[in-house]
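Note sheet for the following structure.
When reading the values below, keep in mind they use all heavy atoms of this one structure, side chains included, and skip hydrogens, waters and symmetry mates. In what follows, chains are A, B, ... by sequence order, proteins preceding strands, each numbered from 1.
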There are 2 protein chains.
Amino acid sequence: MTYENLDAKLVNALLGDGRASLRSLAEELDVSVTTVSNHLSDLEDEGVIEGYTPRVDYDAVGYDVTAVIQLQVEGNALPDITDTLRDHRQMISVYEVTGDYDVIAIGKFKDTDGMNDQIKELLTDPDIKASNTSVVLNAVSENEQFELDIGEDA
Amino acid sequence: MTYENLDAKLVNALLGDGRASLRSLAEELDVSVTTVSNHLSDLEDEGVIEGYTPRVDYDAVGYDVTAVIQLQVEGNALPDITDTLRDHRQMISVYEVTGDYDVIAIGKFKDTDGMNDQIKELLTDPDIKASNTSVVLNAVSENEQFELDIGEDA
DNA sequence: CGTCGAGATTTTCGTACGTCATCACGTTCA
DNA sequence: TGAACGTGATGACGTACGAAAATCTCGACG
């Protein structure tokens, strides 16, 4: 075939417009609609593309405060803590990490009061040994998805 | 009308499937296609929905390492640092924050060597007074977008 | 050891059909 | 008065299917 890395190009094109039609993608990549359809199905089956979402501006709907919460946790309680955090719907990312703290979580809140209430509630857990909360003053970039190198795919 | 919060429901439905057709959305929300089309256009114009993207599993394409980088920066150099970080394509989030550090950035890398190289390069900047890198052992959840309360919209 | 080619496999393509998005219009309902 | 609705027309869209092209496999031959 004429295209070495159609899959990567396809992902990159979709990163530009996640609702682009198969036809417009086909034209952009200079292949047939069928080929786009086949490759896209494959990418979805392989799990490279896990789904599609709108990019919601939470600021615009009243979630004005973002916070980065770092926790030191009793070792054996880690799964419980991370489960709890994940199930908090306003937690957008929860990471187990190396370093001074064991967990880093990022959450969004409607105001600092709501944030304080929720964080205080979390910290009642006796397995949390220490915590540190940083409030985001400015989200320079957030949840960016970068384009793939042409040459890498699944 | 019969629906108090069609906008929020519409956003939530799209969070479930960002490529859903207007017709399927209309059926799901029990309103007409015309209404869905109008509201969706409004949401996009208002900036509540900023666009659409595929959810790419970067693990599946070789970016196995995620790191959280915290920096202390000379005050007047902050804009330069955040600009530099944002322009690094592998940085998915860059926040200016309160607390012990001034900047928290989250990046994805193909391996720890690549990570070390990039981070070391960043830290050559004389305006960076201190830094702390945490490697993600387990991404419990990442870039989740939560559903809106029925009752809130733009 | 290199390469040749027939057959099998994979990939790409064009077509066709039913569905979809969009727009303009007038209507209904609170 | 404004928001939601229905209708109809038009061009675009997604998908299925078989044909065509490219690629791979592997034994045979020089």
Side-chain angles (χ1 to χ4, degrees), chain A residues 1-58 60-62 145 147-154, chain B residues 1-58 60-62 145 147-154:
Chain A
M1 61 155 177
T2 54
Y3 295 99
E4 283 267 316
N5 308 106
L6 207 149
D7 291 316
K9 289 184 183 178
L10 195 46
V11 170
N12 291 345
L14 281 169
L15 285 171
D17 177 7
R19 273 177 89 85
S21 70
L22 301 189
R23 283 180 151 76
S24 63
L25 293 169
E27 189 175 356
E28 184 177 345
L29 303 180
D30 203 21
V31 295
S32 73
V33 175
T34 312
T35 300
V36 171
S37 177
N38 290 341
H39 281 254
L40 198 50
S41 297
D42 290 346
L43 287 170
E44 290 168 358
D45 290 344
E46 293 162 4
V48 176
I49 295 177
E50 299 177 307
Y52 304 87
T53 61
R55 287 203 311 272
V56 177
D57 181 348
Y58 284 97
V61 291
Q145 297 204 98
E147 299 199 347
L148 304 183
D149 292 331
I150 308 299
E152 71 191 347
D153 55 23
Chain B
M1 61 151 184
T2 55
Y3 294 98
E4 280 270 315
N5 307 107
L6 208 149
D7 290 317
K9 289 185 182 179
L10 195 46
V11 170
N12 292 346
L14 282 168
L15 285 171
D17 177 7
R19 275 177 86 87
S21 70
L22 300 191
R23 284 178 147 71
S24 62
L25 293 170
E27 190 175 353
E28 183 178 344
L29 303 180
D30 202 23
V31 295
S32 73
V33 174
T34 312
T35 302
V36 171
S37 178
N38 290 339
H39 280 253
L40 197 50
S41 296
D42 290 346
L43 287 170
E44 290 168 355
D45 290 344
E46 293 161 3
V48 175
I49 295 178
E50 299 176 307
Y52 304 86
T53 59
R55 287 204 311 273
V56 176
D57 181 349
Y58 284 96
V61 291
Q145 297 205 97
E147 299 200 345
L148 303 184
D149 291 330
I150 308 301
E152 71 191 347
D153 54 24

Flag if over 12 foreign heavy atoms under 6.0 Å of CD, A/E27: no
Phosphate-side-chain proximity, B/T35 and D/dA4, N/O vs OP1/OP2 below 4.0 Å: no
N or O in side chain of A/H39 less than 4.0 angstrom from C/dT12 OP1/OP2: yes
Minimum-distance pair of heavy atoms, taken over all atoms of B/A60 and A/G47: CB-O, 4.4 Å
Sugar-phosphate only, base, or nothing, as touched by B/N38 at under 4.0 Å among non-hydrogen atoms: nothing
Close side-chain approach of B/D7 to B/V11, heavy-atom, < 4.5 Å: no
B/R19 vs A/L14 side-chain heavy atoms within contact, under 4.5 Å: yes
Report the distance from atom [atom1] of [X] to atom [atom2] of [N], rounded to the nearest whole Å.
X: B/L6; N: D/dG2; atom1: CG; atom2: C1'; value: 16 Å
X: B/L25; N: C/dT22; atom1: CG; atom2: C1'; value: 15 Å
X: A/D7; N: C/dT12; atom1: CG; atom2: P; value: 9 Å
X: B/L29; N: D/dA4; atom1: CG; atom2: P; value: 12 Å
X: B/E27; N: D/dC5; atom1: CD; atom2: C1'; value: 17 Å
X: B/L40; N: C/dA21; atom1: CG; atom2: C1'; value: 11 Å
X: A/D42; N: C/dT10; atom1: CG; atom2: C1'; value: 11 Å

Candidate list A/L43, A/V48, A/D149, test side-chain contact (heavy atoms from CB on, under 4.5 Å), partner B/V61, passing option: A/V48
Residue among A/L25, A/I150, A/V31 satisfying side-chain contact (heavy atoms from CB on, under 4.5 Å) with A/K9: A/I150
Kindly compute the distance separating [atom1] ([X]) from [atom2] ([Y]), expressed to the nearest 0.5 Å.
X: A/Q145; Y: A/L15; atom1: CD; atom2: CG; answer: 5.5 Å
X: A/L10; Y: A/I49; atom1: CG; atom2: CD1; answer: 6.0 Å
X: A/H39; Y: A/T35; atom1: NE2; atom2: OG1; answer: 6.0 Å

Contacting residues from residues 50-57 of chain B, given that a heavy atom lies under 4.0 angstrom of DNA chain C: none
Base versus backbone protein contacts along nucleotides 8-17 of chain D [heavy-atom cut-off under 4.0 Å; B, S, -]: -----BBBBB
